[in-house]
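Worksheet: one structure, shown below.
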Amino acid sequence: MIKVLLFAHLQEEAGKDQINYDRESITVKELKTSLQNDFGLAELEQVMTAINEEYAMDEDMVKSGDTVAFIPPVSGG
Amino acid sequence: MIKVLLFAHLQEEAGKDQINYDRESITVKELKTSLQNDFGLAELEQVMTAINEEYAMDEDMVKSGDTVAFIPPVSGG
Amino acid sequence: MTDSLFEIVEEPIQVEPIIKKVERREAGAITTFIGTVREWTKGKRTLYLEYQAYIPMAIKMFAKIGEEIEKKWPDTMVAITHRIGRLDISDIAVVIAVSSPHRKAAYEANEYAIERIKQIVPIWKKEHWEDGKTWIGDQLENVPYPDGKPDAKDVKS
Amino acid sequence: MTDSLFEIVEEPIQVEPIIKKVERREAGAITTFIGTVREWTKGKRTLYLEYQAYIPMAIKMFAKIGEEIEKKWPDTMVAITHRIGRLDISDIAVVIAVSSPHRKAAYEANEYAIERIKQIVPIWKKEHWEDGKTWIGDQLENVPYPDGKPDAKDVKS
């Protein structure tokens with residue numbers, strides 16, 4: 001199982017801040033597409049991804065047990 | 001009378017922080033030369049001058065009633 | 001104290017304790033940046049803000065920025081505290097303190113820190129304007145990435 | 001408060017009250033510079049310092065720097081406090097606080113302020129080294145004017 005964390009507007013669009021996704025392994029890109037279909041998330045192109053709190057690329061692999069966070073453009077400071 | 005204020009090493013060289021100089025009017029340059037002779041101040045070339053708390057040039061005139069300050073290179077901050 | 005140089009808090013931020021964290025006998029210069037909630041942005045009035053963070057990763061990214069700075073400006077020391085939750089006008093959102101033997105590095109490193117925070121630290125701001133609310137950073141308001149897309153080389157270590 | 005934006009004090013400086021002086025609802029950024037007494041300078045050990053000021057003129061010059069900054073960076077606000085007398089290692093000698101709607105101006109104006117203080121404000125530092133004492137600024141230690149001579153255009157208003 002992959003734990004997916006949502007923040008900011010993604011959290012509001014999905015109506016939840018966490019999704020448990022049942023897969024052994026999947027690329028970030030595939031995971032994004034899949035979540036867009038299942039939860040109607042409008043736009044994930046500008047959204048960065050972190051795997052286990054480290055930034056990752058679209059081609060990187062996510063494995064069961066990982067925590068993936070979708071990170072919209074940040075605006076702290 | 002012209003009031004002359006001394007600071008930092010000038011104050012220590014002269015052994016005082018204030019000199020009352022009895023003249024009606026004099027240029028800054030003349031005043032510097034005169035004080036060098038009278039008080040053995042070693043070096044006034046790198047010293048700026050202020051008349052009544054405003055920076056002045058060597059050619060500026062000092063009049064009786066003015067306060068002149070000799071300002072060695074500053075080192076605040 | 002090293003483990004508390006980088007913090008995310010929900011309470012009002014006091015500046016002086018953060019300065020204390022970077023004080024050292026060999027440092028003659030300390031710069032601080034204090035980011036506060038501004039009432040007006042391009043003619044729009046803010047009523048209050050909400051900040052949200054991915055806390056463990058945000059603290060990791062603060063530490064990463066601290067490491068980057070130590071590499072670029074040897075002998076500097078950095079502390080960063082960011083507040084999350086609801087913030088009212090003039091409340092402090094972030095404090096960055098940098099100490100250094102000499103002042104030039106303290107200014108440069110401090111400015112570098114706030115720029116990097118705005119690039120890589122997972123913290124989001126929701127503006128509650130007089131006429132509505134938006135998560136800043138989305139395409140409606142402001143995309144902080146210059147070319148409209150996050151650039152992987154900015155964020156990977 | 002305008003008349004106390006620029007101060008020379010003999011007691012330890014608290015940073016927070018100086019920050020408060022420049023806080024404004026329209027300012028989203030406050031930078032501070034804190035100059036402290038450094039123990040080591042180029043391999044020489046300082047035991048303590050003495051600062052002396054021509055107080056009324058120093059305050060006038062702080063105000064002049066504030067005016068220069070308001071002209072160069074509109075909408076900024078500056079407060080400066082300098083301590084004089086005996087200062088020990090790590091004691092705060094000077095605090096400069098600048099507020100601005102945007103951060104770039106707050107950094108630039110703050111750095112400008114410390115550079116100008118070192119050019120035009122009549123304050124002198126006497127170093128008590130481990131092996132003697134000197135008024136800094138004299139030809140034996142350090143001449144703060146780049147060409148070895150004060151430049152009148154830097155100081156005249």
Side-chain angles (χ1 to χ4, degrees), chain A residues 1-21 26-33 35-36 39-77, chain C residues 8 33-36 49-65 80 82-84 93-96 113-127 133-157:
Chain A
M1 204 201 61
I2 296 162
K3 183 156 88 170
V4 178
L5 305 178
L6 302 174
F7 297 96
H9 66 95
L10 295 178
Q11 194 174 94
E12 293 179 358
E13 276 174 44
K16 52 177 81 181
D17 59 7
Q18 186 176 329
I19 295 167
N20 292 323
Y21 193 79
I26 187 171
T27 67
V28 166
K29 196 177 173 58
E30 288 165 343
L31 182 62
K32 278 187 176 178
T33 311
L35 289 177
Q36 271 183 301
F39 293 91
L41 296 174
E43 171 65 87
L44 287 178
E45 251 200 38
Q46 301 209 9
V47 168
M48 295 288 290
T49 310
I51 303 175
N52 303 326
E53 301 170 13
E54 297 288 348
Y55 282 103
M57 314 295 287
D58 271 359
E59 315 80 66
D60 287 338
M61 290 300 297
V62 185
K63 304 178 311 295
S64 180
D66 285 345
T67 297
V68 173
F70 288 125
I71 307 203
V74 303
S75 53
Chain C
I8 306 266
F33 175 81
I34 302 162
T36 59
L49 293 183
E50 271 176 280
Y51 279 100
Q52 189 182 78
Y54 180 17
I55 296 177
M57 183 170 170
I59 288 174
K60 258 194 186 174
M61 291 299 120
F62 285 153
K64 175 173 152 61
I65 292 169
I80 304 171
H82 203 299
R83 185 174 167 194
I84 56 172
V94 64
V95 173
I96 304 164
I114 183 68
E115 300 299 334
R116 288 297 274 161
I117 288 171
K118 287 171 181 290
Q119 286 173 339
I120 68 166
V121 179
I123 297 179
W124 300 271
K125 173 164 74 175
K126 187 177 193 171
E127 286 270 7
K133 52 194 173 190
T134 351
W135 285 100
I136 297 299
D138 74 24
Q139 63 277 29
L140 294 176
E141 287 296 331
N142 175 33
V143 179
Y145 305 111
D147 60 356
K149 267 200 143 189
D151 183 349
K153 78 171 168 354
D154 285 343
V155 295
K156 297 274 279 193
S157 40

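Within every chain, numbering begins at 1; the chains are lettered A, B, ... in the order of the sequence lines, protein sequences first and strands thereafter.
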Heavy-atom proximity to chain A below 4.5 Å, by part of [X]:
X         : result
Ala53(C)  : backbone
Ile114(C) : side chain
Tyr51(C)  : side chain

Point-to-point distance, once rounded to the nearest 0.5 Å, from [atom1] of [X] to [atom2] of [Y]:
X        : Y         : atom1 : atom2 : answer
Gln11(A) : Trp135(C) : CD    : CH2   : 7.0 Å
Leu10(A) : Trp124(C) : CG    : CH2   : 8.5 Å
His9(A)  : Gln52(C)  : NE2   : CD    : 10.5 Å
Leu5(A)  : Tyr54(C)  : CG    : OH    : 5.0 Å

Lys126(C)/Glu12(A) salt bridge by N-O under 4.0 Å criterion:
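A salt bridge links Glu12(A) with Lys126(C).
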
Return the minimal non-hydrogen interatomic distance between Ala93(C) and Gly77(A), and the atom names on each side.
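Closest approach of Ala93(C) to Gly77(A): CB-O, 4.3 Å.
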
Looking at Met57(C) and Tyr55(A), what are the two nearest heavy atoms and their distance?
CE-CE1, 3.4 Å

Of Arg83(C), Lys60(C), Glu50(C), the largest count of non-hydrogen pairs under 4.5 angstrom with chain A goes to Lys60(C)

Are the side chain of Lys118(C) and the backbone N or O of Val74(A) linked by a donor-acceptor pair below 3.5 Å?
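No; judged by distance alone, with no hydrogens or angles, the pair does not exist.
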
Do the side chains of Pro122(C) and Phe7(A) get nearer than 4.5 Å, heavy atoms only?
no

